[in-house]
Asker: 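Please read through the structure below; I'll follow up with questions.
Note that this is a predicted model, so its numbers are computed, not measured.
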Amino acid sequence: MTVQLNVKNLNKLEEESSKSIHHIPCKIQADCKASVSQYFSRFIEEKDDLTQEVSFRGRPFSGKVINLPDSHCGVVFLETLKPKSLKAERKFHAIRNFRSFTYWNWDKLPSKNDPLMSALDWLDISEAIHSPINEPIASDKLSVESNDEDKEMKCNGEETKEE
């Protein structure tokens with residue numbers, strides 16, 4: 001199966017607000033339009049600590065708006081023609097982009113321990129690992145002195161014994 005993502009007009013797409021992009025912890029066995037604003041969004045309660053609460057089919061959700069790093073944006077894709085078989089080529093078109101979304105958990109606040117939140121942390125870690133180092137390391141911070149007679153070393157002013 002081949003998947004084709006069309007992002008030609010990504011910069012020209014309308015940006016959605018976090019109020020209309022939701023990540024919910026369940027799978028809905030439907031692939032059609034839904035009246036999210038009528039049956040979900042209008043029941044969201046804002047809490048004083050920047051969290052939100054709502055219920056979905058009688059189950060409580062706790063949510064939080066998550067901002068993506070400035071260097072990233074999220075994209076909503078739409079598949080206009082459904083494939084006739086599992087091996088058929090699939091084509092998706094970018095229809096919206098977003099810089100933040102509401103992340104929901106069952107009856108508990110979203111935290112850094114959630115898999116999605118951990119994955120988002122990797123965006124910052126990856127950027128830090130792969131970005132060039134612009135500041136030279138000062139030589140006084142990396143001094144190493146060795147005395148071969150008694151195998152003593154000084155690293156950053158601290159003495160260590162080599163065995």
Asker: Between Tyr39 and Phe56, is there shared hydrophobic-cluster membership here, with clusters defined by ILVMFWY side-chain heavy atoms closer than 4.5 Å?
Answerer: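 Different clusters.
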
Asker: Backbone N or O of Arg59 within a donor-acceptor pair of the Trp106 side chain at under 3.5 Å?
Answerer: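 Such a contact is absent between Trp106 side chain and Arg59 backbone.
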
Asker: Aromatic rings Phe61 and Phe40: how do their planes relate, parallel, tilted or perpendicular, breaks at 30° and 60°?
Answerer: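 Phe61 and Phe40: perpendicular rings.
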
Asker: With no hydrogens and no angle check, do the side chains of His22 and Trp104 hold a donor and an acceptor under 3.5 Å apart?
Answerer: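 A pair is found: one side chain offers a donor N or O, the other an acceptor, under 3.5 Å apart.
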
Asker: Apply side-chain hydrogen bond (donor to acceptor under 3.5 Å, both in side chains) to Asp114 and list each qualifying residue two or more places apart in sequence or on a separate chain.
Answerer: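 By the side-chain hydrogen bond (donor to acceptor under 3.5 Å, both in side chains) rule, Asp114 matches Asn105.
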
Asker: Just to verify, what does His72 make a ring-ring contact (aromatic ring centres under 6.0 Å, His included) with, not counting sequence neighbours?
Answerer: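 In terms of ring-ring contact (aromatic ring centres under 6.0 Å, His included), with neighbours along the sequence ignored, His72 is linked to no residue.
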
Asker: Do Asn113 and Ser118 touch side chain to side chain, with heavy atoms closer than 4.5 Å?
Answerer: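 They are not in contact (no side-chain heavy atoms under 4.5 Å apart), so the answer is no.
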
Asker: Atom OG1 of Thr102 and atom CD of Gln52: how far apart are they, to the nearest 0.5 Å?
Answerer: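 Nearest 0.5 Å value for the OG1-CD distance: 5.0 Å.
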
Asker: Start with the C-alpha distance between Leu120 and Tyr103, add both sets of side-chain angles, then the distance that settles side-chain contact (heavy atoms from CB on, under 4.5 Å), and finish with yes or no.
Answerer: CA-CA 12 Å; Leu120 290 174; Tyr103 178 67; over 6 Å; no

Asker: Sequence neighbours excluded, which residues qualify as salt bridge (Lys or Arg N to Asp or Glu O under 4.0 Å) partners of Glu53?
Answerer: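 Here the qualifying residues are Lys47.
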
Asker: To the closest 0.5 Å, what do you measure between CZ (Arg90) and OG1 (Thr80)?
Answerer: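 Output value for this atom pair is 11.0 Å.
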
Asker: Please lay out, stage by stage, how Lys108 and Ser62 fare under the test side-chain contact (heavy atoms from CB on, under 4.5 Å).
Answerer: CA-CA 6 Å; Lys108 68 175 184 170; Ser62 294; 5.8 Å; no

Asker: Quick test of your reading: applying ring-ring contact (aromatic ring centres under 6.0 Å, His included), list the pairs with at least one residue in residues 75-94, sequence neighbours left out, ordered by first then second residue.
Answerer: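 Pairs touching residues 75-94 that pass the test: none.
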
Asker: Between Arg42 and Ile44, does the side-chain contact (heavy atoms from CB on, under 4.5 Å) criterion hold? Intermediate values first, please.
Answerer: CA-CA 6 Å; Arg42 70 183 189 141; Ile44 296 173; over 6 Å; no

Asker: Not counting sequence neighbours, which residues clear side-chain contact (heavy atoms from CB on, under 4.5 Å) with Ser126? List them please.
Answerer: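 Here the qualifying residues are His130.
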
Asker: Please walk me through it: do Asn67 and Val65 pass side-chain contact (heavy atoms from CB on, under 4.5 Å)?
Answerer: CA-CA 7 Å; Asn67 295 311; Val65 173; 4.2 Å; yes

Asker: Do Glu89 and Gln4 have side chains that get closer than 4.5 Å, going by heavy atoms?
Answerer: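 Sidechains of Gln4 and Glu89: in contact.
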
Asker: Ser131: which residues meet the side-chain contact (heavy atoms from CB on, under 4.5 Å) condition with it, sequence neighbours left out?
Answerer: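 Ser131 satisfies side-chain contact (heavy atoms from CB on, under 4.5 Å) with no other residue.
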
Asker: Same cluster or not: Leu50 versus Val54, using hydrophobic residues (I, L, V, M, F, W, Y) connected whenever any side-chain heavy atoms lie under 4.5 Å apart?
Answerer: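 Leu50 does not cluster with Val54.
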
